[in-house]
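First comes the structure, then the notes that go with it.
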There are 2 protein chains.
Amino acid sequence: MLTSQRRALITTRLASDGQIVAGELAQELGLSEDTIRRDLRDMAAAGLLKRVHGGALPVTPALPDLETRQTMSTDVKKRLGRKAAELVHAGLLIFIDGGTTNAELVRALPRELNVTIATHSPVIAALLEKHRAEVILIGGRLYKHSMVSTGASALAAIAMLRPDIFFLGTTAVHPTYGLSTGDYEEAAIKRAIASRSVETVTLLTEEKLGAVSPHHVIGIEDMTALIMPAGMAPETYVAYRQKAVRIIEA
Amino acid sequence: MLTSQRRALITTRLASDGQIVAGELAQELGLSEDTIRRDLRDMAAAGLLKRVHGGALPVTPALPDLETRQTMSTDVKKRLGRKAAELVHAGLLIFIDGGTTNAELVRALPRELNVTIATHSPVIAALLEKHRAEVILIGGRLYKHSMVSTGASALAAIAMLRPDIFFLGTTAVHPTYGLSTGDYEEAAIKRAIASRSVETVTLLTEEKLGAVSPHHVIGIEDMTALIMPAGMAPETYVAYRQKAVRIIEA
DNA sequence: ATAAATCATGCAATATCGTGCAGAGTCAAG
DNA sequence: CTTGACTCTGCACGATATTGCATGATTTAT
C-alpha cells in the first residue's frame, strides 16, 4: 500500500468514524504502529487532523453524524429525493434501502400517501413515524457500519415481498463494474431485494460515479433507472445510457 | 475511547445535563471513577469546569429556566435510564422495548459494553448506532402509534430469543390490574417477549402509576422489578411491594 | 456522632510515544 | 550496470502517559 493511499484512508476514516486509533489501524493494515504514528504526526503538522494520545481526531471535531451528513450536500440530496418521490404512487409496495440520500427521499414523500414501505434500515423506519404509509420493518442482525439488517432472517423476510420499486442505496457505481459496496453481507441483501423487485432505482451523488468497491451488487443493466444531479458533463453518464438504463436528472 | 474524546464528552454532557456525576459517568463509560476524577481535576485546573464534591458543574451555569424546562421532563427519565443501565452487564442478551424512557436507557448504556441488544423499535435501534453492542432488530409490520414491530413475523423472531432482561415500556401500571396498554397487538408482543425473558423490568414515571388501559399485558407479580423515581410517597408504591416486586429507586 | 460516599495520593501494570538505527526499495547520475 | 543519495519501513529502547487498585484522609448525609 502506497503512503498516499494510506493517508487518504486515514482522512476517509476520520471523516466516517470521527477518530483514528493508531494501534487498531496498524493492525488492520498489517503495518507497524510506527508507520501510522509517523503518518499522523506529519498530517497533524500539515493541519489535516488533530493528534491526540492514542490516535487522532478530525480538526473540526465530529458533530453528531446526523448533522454532519445532513449538511454535507443537502441541496443535491434533497433534489434527488424529491425527484425520486415522484416515482412513488398510491398503492405501491416500495422497498427503501438505508443511507442519507434515501433518507431525503423519505422526507420528500407526501405524508398522506397510501403506500406500503418496506425497509431494513431502522433509521429509515424511524423517519416514517409521521407518515400515513404502512411500514414493514425487515429484522435481522444489524450491520453497524451502514445500520441495516443482514443475515438469514432478513433474507427470509425479504423473500416474502414483491416490491414494485426498490430504492437501492449505494456508494460506488461504475459503468463497467456496476454497483458495488464494501461489505459482503450488505451486497447479498441488496442483491436479494433487487432480484425480487419489479424496478430497481438508485439515487446518485456525483462523487459515487466511477467508484468501485470490493463487493459486487448488481450490474448497471439490471437497474431500471439512475437518478443523478442535473448539470453534469454528458460524458460522465453517456456510458450508463449505453447500457439502456434510464437516466433521470434532478 | 480516546482520552480527548472522553473529555470532549464531559464538556458536551455538562452543556446538555448541566452537571457531571463522577460515579455515573464512570459506570456509563465502563471506566474506573479514578479516571473520571482525574479528568475532572485536570479540566477544572484548565478552567473548563467547576469541580464539586461528587462531580462537576459548568463554569457558567446554564440559564435557569432553559435548564429547568429542558431537564424537567427528561431529568427523571435520565435518572431512571441510568439506574436501569446498571442492570446491564457484558455478555447478556437484553431486549429493549420502545418508548422515550427506554431511549434514555439506551443513551445511558456504556458505549463499549459487549452486550447483545434485541429490539422491535427502529427508534431504539437507530440510537444504538454508536454503540459497540450487537443489535438484533425484530422486523414486522410497524404499529405506527408506538413505532414497534408487530404481527406474526415479529412473534416468530421473538420466539428465537431468550433474553436475560426485558426492559418493557409501558403507559399504565396498576397495583391490581397490572400493566396494560392501548393496542391489542402491542400487548400481545410485549407479553410474548416477557414470557421468554428471564427478567422483566420496567421504567416508570409517576404519572403512569395507577393508570389502566384496555389491553392487559402482564400482572405486577410477573415483573422482576419496577424502576421508579426516588422521593415518592411510600403509600404510592407499597401496594406493588406487597406483590413481591423489587422496587428500585432512581 | 456515625456511616457512607467521595477524594487525593502513591504505586504498579500497561499503552503509547519519540528517537536512533538498520535493511529494503527507488531513482538518477555516473 | 553500478553506485550513492534518498525514502520508507520495522525494530529496539528508554521516556512518558494512562489507567486501575489500594490506602488513608476528607466530606457529606443521616
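Every chain is numbered from 1 and lettered A, B, ... according to where its sequence line falls, protein lines coming before strand lines.
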Angle by which the axis turns from one end of the helix from dA1(C)-dT30(D) to dG30(C)-dC1(D) to the other, five pairs per end, to 10 degrees: 30°
Between P on dT18(D) and CG on Leu31(B), what's the gap in Å once rounded to a whole number? 13 Å
Distance in angstrom units between Leu40(B) CG and dT18(D) P, rounded: 15 Å
Tell me: CD of Gln27(B) to C1' of dG20(D), nearest whole Å? 16 Å
Taking side-chain contact (heavy atoms from CB on, under 4.5 Å) as the test, write out the residues that go with Arg82(B), two or more places apart. Arg13(B), Asp17(B), Glu24(B), Glu28(B), Lys78(B), Ala108(B)
Under the rule for side-chain contact (heavy atoms from CB on, under 4.5 Å), what residues qualify as partners of Glu33(B), not counting sequence neighbours? Ala26(B), Arg37(B)
Taking only side-chain N and O atoms of Thr35(B), does any of them lie within less than 4.0 angstrom of OP1 or OP2 on dT18(D)? no
Out of dT19(D), dG10(D), dC7(C), minimum distance to the side chain of Arg6(B) belongs to dT19(D)
Could you state the atom-to-atom distance from CZ of Arg41(B) to C1' of dT19(D) in whole Å? 13 Å
Taking only residues two or more places apart in sequence, or in another chain, which ones meet His174(B) in a ring-ring contact (aromatic ring centres under 6.0 Å, His included)? Tyr177(B)
Base, sugar-phosphate, or nothing: which does Val21(A) touch, judged by heavy atoms less than 4.0 Å apart? nothing
Not counting sequence neighbours, which residues clear ring-ring contact (aromatic ring centres under 6.0 Å, His included) with Phe95(B)? List them please. His120(B), Phe166(B)
May I ask you to check whether Thr35(B) and Ser32(B) show a side-chain donor-acceptor distance below 3.5 Å? yes
Could you pull out all residues at least two apart from Thr171(B) that satisfy side chain to side chain donor-acceptor pair (under 3.5 Å)? none
In whole Å, I'd like the distance from the CD atom of Glu33(B) to the P atom of dG20(D). 11 Å
For Asp34(A), the side chain to side chain donor-acceptor pair (under 3.5 Å) test, sequence neighbours excluded, returns none
How many Å lie between CD1 on Ile20(A) and C1' on dC17(C), as a whole number? 18 Å
Pairs under 3.5 angstrom only: tabulate donor-acceptor contacts from the side chains of residues 43-50 of chain B to other protein residues two or more places apart or in another chain.
none

Whole-Å distance between dT19(D) C1' and Asp42(B) CG? 13 Å
Is the shortest side-chain N/O distance from Thr3(B) to OP1 or OP2 of dT19(D) below 4.0 Å? yes
Within a radius of less than 6.0 Å around CD of Glu249(B), do more than 12 heavy atoms belonging to other residues, nucleotides or ligands occur? yes
In whole angstrom, what separates Leu25(B)'s CG from dC7(C)'s P? 12 Å
Any protein N or O atoms within reach of nucleotides 11-16 of chain D? Criterion: under 3.5 Å, listing atom names and distances.
{"from": "dC11(D)", "atom 1": "N4", "to": "Asp34(A)", "atom 2": "OD2", "distance (Å)": "2.9"}
{"from": "dA12(D)", "atom 1": "N6", "to": "Asp34(A)", "atom 2": "OD2", "distance (Å)": "3.3"}

